[in-house]
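Take a look at the structure set out below.
Small disclaimer: the values here were computed from a predicted structure and weren't measured.
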Amino acid sequence: MKSIINFIVLMCSLLLITVSAMATEFNDGPIIKGFGKHAPVNQSRPLAGNEVFKVVFDVAKQTGEGKVNRQFNSLARFINMHVANGIKPENIHLALVVHGKAGLDVLSDAAYQKRYKQANPNQPLLALLQQANTQIFICGQSAAYYKIAKSELSQGVKMSLSAMTANALLQQQGYSVNPF
């Protein structure tokens, strides 16, 4: 009987946690609308507001044809959640280093259309990220492997010798690599 009561108490606790989590609202903005949804958090150590972030996001996976790359969306979330918590947009410096099959997600609409018979769903997000002080690099080695010419890249995407090179140079400039 006691084990049944403990089980019921545990299940009720899990239900309360689930309902509480569902009640949390995720919102986009304030900088990048339509992407980068984030939730308010009661932080143990709130941000002071004067922090400066220089972060590299290294992405190798393609989400899938016709879909926005979820890892690209993480940059929008990083920007939005930090600005929503008092960080000045000019204090956020991000770099997106793309390699592997994810390189296909930084193609221009015309090049994407040629390969997949549709516009690149990542285009709006890539443009908004660049407007928000994000540098975007593609690995030249991956580009060569996937036969991506520099002329086929979305506007503003820079061709690097390799992803390793881009990451090393950005780290020399004080960027940390985001492990997610």
Only pairs under 3.5 Å count here: list side-chain donor-acceptor contacts from residues 125-137, not counting sequence neighbours, and write none if there are none.
residue: Gln130; atom: NE2; partner: Leu126; partner atom: O; Å: 3.4
residue: Gln130; atom: NE2; partner: Gln155; partner atom: O; Å: 3.0
residue: Asn133; atom: ND2; partner: Ile92; partner atom: O; Å: 3.3
residue: Asn133; atom: ND2; partner: His93; partner atom: ND1; Å: 2.9
residue: Thr134; atom: OG1; partner: Leu129; partner atom: O; Å: 3.1
residue: Gln135; atom: NE2; partner: Tyr175; partner atom: OH; Å: 3.2

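- Residues that satisfy the side-chain contact (heavy atoms from CB on, under 4.5 Å) test with Asp109, not counting sequence neighbours, are Ala119, Asn120, Gln123.
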Per-pair distances, 0.1 Å, donor-acceptor, side chain in residues 47-63, under 3.5 Å, sequence neighbours excluded:
residue: Glu51; atom: OE1; partner: Ala48; partner atom: N; Å: 3.4
residue: Glu51; atom: OE1; partner: Gly49; partner atom: N; Å: 2.8
residue: Glu51; atom: OE2; partner: Ala48; partner atom: N; Å: 2.8
residue: Lys54; atom: NZ; partner: Gln173; partner atom: O; Å: 2.5
residue: Asp58; atom: OD1; partner: His99; partner atom: NE2; Å: 2.6
residue: Asp58; atom: OD2; partner: His99; partner atom: NE2; Å: 3.4
residue: Asp58; atom: OD2; partner: Asn167; partner atom: ND2; Å: 2.7
residue: Gln62; atom: NE2; partner: Asp105; partner atom: OD1; Å: 3.3
residue: Thr63; atom: OG1; partner: Arg70; partner atom: N; Å: 2.9

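- Closest of all the heavy-atom pairs between Ile138 and Ala143 is CD1-CB, 4.2 Å.
- Separating the CG atom in Leu107 from the CD1 atom in Ile148 is a distance of 5.0 Å, to the nearest 0.5 Å.
- When all heavy atoms of Gly36 and Asn73 are compared, the pair lying nearest together is N-OD1, 2.9 Å.
- Considering every non-hydrogen atom in both Gly29 and His38, the closest pair reads O-NE2, 2.8 Å.
- Other residues, nucleotides and ligands contribute more than 12 heavy atoms inside 6.0 Å of the OH atom of Tyr116.
- Across Ala102 and Asn69, no two heavy atoms sit closer than the pair CB-ND2, 4.2 Å.
- In terms of heavy-atom proximity, Ile31 sits nearest to Pro89 at CD1-CG, 3.9 Å.
- Partners of Lys37 under the side-chain contact (heavy atoms from CB on, under 4.5 Å) rule, at least two apart in sequence or in another chain, are Phe26, Asp28.
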(message) Could you walk me through whether Asn27 and Glu25 satisfy the side chain to side chain contact (heavy atoms under 4.5 Å, CB included) test, starting with their C-alpha distance in whole Å, then the side-chain angles of each, then the deciding distance to 0.1 Å, before giving a yes or no?
(response) CA-CA 6 Å; Asn27 298 300; Glu25 260 189 68; 3.7 Å; yes

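- Under the side-chain hydrogen bond (donor to acceptor under 3.5 Å, both in side chains) criterion, Ser74 pairs with Arg77, not counting sequence neighbours.
- Considering only heavy atoms from C-beta on, Pro121 comes within 4.5 Å of Tyr112 through its side chain.
- Screening residues 110-128 for salt bridge (charged side-chain N to carboxylate O under 4.0 Å, His left out), with sequence neighbours left out, gives Arg115-Glu152.
- Annotation: side-chain contact (heavy atoms from CB on, under 4.5 Å) contacts of Pro124 (sequence neighbours excluded): Phe35.
- Hydrophobic clustering (side-chain heavy atoms under 4.5 Å, transitive across Ile, Leu, Val, Met, Phe, Trp, Tyr) keeps Leu170 apart from Val98.
- Between the side chain of Ser142 and the main chain of Gly100, a donor-acceptor pair closer than 3.5 Å is present.
- By the 4.5 Å heavy-atom criterion applied to side chains, Asn122 and Val106 are not counted as neighbours.
- Applying the side-chain hydrogen bond (donor to acceptor under 3.5 Å, both in side chains) test to residues at least two apart or on different chains, the pairs with a partner in residues 39-49 are Gln43-Asn85.
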Using a 3.5 Å cut-off and no angle test, enumerate the donor-acceptor pairs between side-chain atoms of residues 157-166 and protein atoms at least two apart in sequence or in another chain.
residue: Ser160; atom: OG; partner: Ser162; partner atom: O; Å: 3.0
residue: Ser162; atom: OG; partner: Met164; partner atom: N; Å: 3.4
residue: Ser162; atom: OG; partner: Thr165; partner atom: N; Å: 2.9
residue: Ser162; atom: OG; partner: Thr165; partner atom: OG1; Å: 2.7

